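Data block below; observations after.
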Amino acid sequence: MPEMIAPRVLNFASILDDTTRAQAQEISSLPFIHPHVALMPDAHAGKGSAVGTVIPTVDAVIPAAVGVDIGCGMIGVQTSVAAEDIAGFDLADLRHRVEATIPLSPGNYNTTLRYSHTRARIDSLEEMASAEGVDLSHSPKWREQLGSLGGGNHFIELCEQVSGDGTGSVWLFLHSGSRGVGNKIAQKHIRIAQKLCRRWHIPLAHPDLAYLASGTDEFGAYIRELRWAQAFAYENRAEMMDRFVTVFGEWLADNSFRPRKRLEERRINCHHNYTEKVEIAGKKVWLTRKGAIDASVGTHGLIPGSMGTASYVVRGKGNESGLFSAPHGAGRAFSRSAARKRFTLDDLAEAMTGIEYRHGEEWIDEIPAAYKPIDQILADAAELVEVEAVLRQLMNVKGV
């Protein structure tokens, strides 16, 4: 059961550290919070404010709370292929094909436009930037970034559904955001917010709680560029997924298997680092989800576990006290540096037994034990979402 751990902090996490608790209390003390902030089950300490915090604000937005990977999120495609159909097929071959088709790791971009859907998405984003007056001069290579994964906890996976309607089906699954261009947009407006709060002599518990006030030119510019970055992130995931579907289909054909019906059956694409204007408790607020998904009634979402564990397809219950939100993943239990000191390459290999992945020391800090148990996260989220399906990983692709 959730509990109020401070006057305006409602906590859904059964595993909560003191730093995360303190960060939630700090942000809840801002005068424009309404009605309270909600800590999701996967909440953990972040820069300025905790990851896994849902923050409703009246006439203000905190750029650093939205985060530097604006629009980061998940996309999943349920296919008409059953896991038994691909039993014995070479998953290492599929992984190599995916790695050759989607640029991985920070700084790795596309060098050619191989697909018509890539050009169409670029044209649409160019039109949006022009219509909204979005300044992208800081990111001359944003077009080449579209359809690239990035590093850290971003990933591409092939999964088998192990429970729920459609058990046995194969899912294509990936996690990414707005890449370098979104980061540049975020950093620019974080600096502007901090400069304005200093100019107005506004005391803040942390510089990354600096905000932009509705009605100002700076606020308007941020919202326009934020919406563009959210659109870029959404299309970036869709672009990578289109390529994944194509590569998967080619791999099936090369293994002499052709699906009896259309390969893609359904698609879910959702943000978990973003803000939108909604009505909560009788007021219009900017609802910032810093590591949380939309869990409005009937809304489908994706909650990934860590590398080597289960992931979930969920449907929102529309819990107003939870600010119509749900967790976005497992949430870190150990920082990257702490994980590297605690775990070994052998630990990673053991945790990934039975899963096709690229083995190496670069991914030790992504070991499942560096994260909270995803089963506990979903148990804590029982009032927020209903689980429709559980997915088990068959193949994992990561950048460095």
Side-chain angles (χ1 to χ4, degrees), residues 19-20 23 26-27 40 42-55 57 60-74 104-109 125 129 134-142 145-146 148-155 175-197 204 206-212 218-219 221-237 270-276 286-293 328-329 331-332 335-337 365-366 398-400:
T19 301
T20 302
Q23 287 185 325
E26 285 178 353
I27 204 164
M40 295 290 100
D42 57 336
H44 60 281
K47 187 179 178 184
S49 55
V51 179
T53 309
V54 185
I55 309 158
T57 53
V61 172
I62 305 167
V66 177
V68 295
D69 195 357
I70 297 169
C72 187
M74 297 294 308
L104 311 175
S105 305
N108 288 345
Y109 306 143
L125 288 164
V134 175
D135 177 15
L136 297 172
S137 60
H138 48 66
S139 300
K141 289 188 174 293
W142 71 262
Q145 292 173 18
L146 186 75
S148 62
L149 183 70
N153 62 357
H154 294 163
F155 62 79
H175 170 214
S176 192
S178 54
R179 306 294 286 108
V181 63
N183 185 288
K184 290 285 183 66
I185 288 171
Q187 297 286 7
K188 178 176 85 170
H189 292 285
I190 289 169
R191 290 192 297 270
I192 291 171
Q194 291 173 342
K195 179 180 178 181
L196 290 176
C197 284
L204 297 169
H206 191 283
D208 280 328
L209 297 182
Y211 60 89
L212 297 170
E218 292 85 357
F219 180 91
Y222 175 61
I223 295 300
R224 289 192 300 273
E225 298 198 359
L226 171 82
R227 286 174 171 159
W228 186 90
Q230 290 176 182
F232 179 94
Y234 189 93
E235 295 299 338
N236 186 45
R237 288 191 294 276
C270 61
H271 294 319
H272 56 225
N273 281 2
Y274 70 114
T275 194
E276 62 178 348
W286 288 97
L287 188 65
T288 295
R289 294 183 172 105
K290 182 176 181 176
I293 62 171
H328 80 310
R332 294 198 73 92
S335 69
R336 294 191 180 279
S337 59
D365 56 14
E366 284 293 299
K398 272 185 174 290
V400 178

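Basis for what follows: all heavy atoms, side chains included, without hydrogens, waters or symmetry-related copies. Remember, it's a predicted structure, so these values are computed and weren't measured experimentally.
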Apply side chain to side chain contact (heavy atoms under 4.5 Å, CB included) to the pair Leu146 and Arg179, showing each step before the final yes or no. CA-CA 8 Å; Leu146 186 75; Arg179 306 294 286 108; over 6 Å; no
With sequence neighbours excluded, residues passing side chain to side chain contact (heavy atoms under 4.5 Å, CB included) with Tyr234: Arg237, Asn269, His271
Kindly write out the residues that satisfy side chain to side chain contact (heavy atoms under 4.5 Å, CB included) with Glu366, not counting sequence neighbours, or none if the list is empty. Asn153, Met307, Arg332, Arg336, Tyr371, Lys398
Can you sort out the partners of Glu235 under salt bridge (charged side-chain N to carboxylate O under 4.0 Å, His left out), two or more places apart, ordered by chain and number? Arg121
CG (Asp69) and CG (Asn183) are apart, to the nearest 0.5 Å, by 7.5 Å
Can you check side chain to side chain contact (heavy atoms under 4.5 Å, CB included) on Leu104 and Val400, steps first, answer last? CA-CA 8 Å; Leu104 311 175; Val400 178; over 6 Å; no
Trace of the side chain to side chain contact (heavy atoms under 4.5 Å, CB included) decision for Gln187 with Arg191: CA-CA 6 Å; Gln187 297 286 7; Arg191 290 192 297 270; 3.7 Å; yes
Looking at every heavy atom in both Val51 and Gly291, which two are closest together, and how far apart are they? CG1-CA, 4.2 Å
Are the side chain of Ser176 and the backbone of His154 linked by a donor-acceptor contact shorter than 3.5 Å? no
I'd like to know if the side chain of Asn273 reaches the main chain of Gly71, judged simply by a donor and an acceptor atom lying under 3.5 Å from each other, with no hydrogens or angles considered. no
Could I get the full list of side-chain hydrogen bond (donor to acceptor under 3.5 Å, both in side chains) partners for Asp208, not counting sequence neighbours? Gln194
Do any N or O atoms from the side chain of Asn236 and from the backbone of Ser178 form a donor-acceptor pair under 3.5 angstrom? no
To the nearest 0.5 Å, atom OG1 of Thr53 lies from atom CG of Asp42 at 9.0 Å
Calculate, to the nearest 0.5 Å, the distance between atoms CZ and CG belonging to Phe219 and Leu196 respectively. 13.0 Å
Closest contact, heavy atoms only, Gly52 versus Ala43: O-CB, 3.9 Å
Looking at CD1 of Ile55 and CD1 of Ile27, how far apart are the two atoms once the value is rounded to the nearest 0.5 Å? 3.5 Å
For Cys197, what residues pass the side chain to side chain contact (heavy atoms under 4.5 Å, CB included) criterion, not counting sequence neighbours? Ile202, Leu204, Ala210, Tyr211
Look only at the side chain of Gln23 and the backbone of Ala50, and say whether a donor-acceptor pair between them is shorter than 3.5 Å. yes
How would you list, by chain and number, every residue that makes a side-chain hydrogen bond (donor to acceptor under 3.5 Å, both in side chains) with Glu218, sequence neighbours excluded? none
Excluding sequence neighbours, so at least two apart, what forms ring pair (Phe, Tyr, Trp, His ring centres under 6.0 Å) with His328? His272
For Lys290, the salt bridge (charged side-chain N to carboxylate O under 4.0 Å, His left out) test, sequence neighbours excluded, returns none
For the student: nearest non-hydrogen atoms of Ala186 and Gly67, plus distance: CB-O, 3.5 Å
Taking side-chain hydrogen bond (donor to acceptor under 3.5 Å, both in side chains) as the definition, give me every residue that meets it alongside Thr20, ordered by chain and number, with sequence neighbours left out. Asp17
Return the set of residues passing side chain to side chain contact (heavy atoms under 4.5 Å, CB included) with Ser139 (not counting sequence neighbours), or none when no residue passes. Trp142, Val181, Lys184
Heavy-atom closest pair, residues Gly73 and His175: O-CD2, 3.1 Å
Could you go through residues 225-232 and list every donor-acceptor pair under 3.5 Å that involves a side-chain atom there, pairing it with any protein atom two or more places apart or in another chain?
from   : atom 1 : to     : atom 2 : distance (Å)
Glu225 : OE1    : Lys188 : NZ     : 3.1
Glu225 : OE1    : His189 : NE2    : 3.0
Glu225 : OE2    : Asp135 : N      : 3.3
Glu225 : OE2    : Lys188 : NZ     : 3.2
Trp228 : NE1    : Leu125 : O      : 2.9
Gln230 : OE1    : Thr275 : N      : 3.2

Considering only heavy atoms from C-beta outward, does the side chain of Val61 approach that of Leu212 to under 4.5 Å? no
Set of side-chain hydrogen bond (donor to acceptor under 3.5 Å, both in side chains) partners for Tyr274, sequence neighbours left out: Arg289
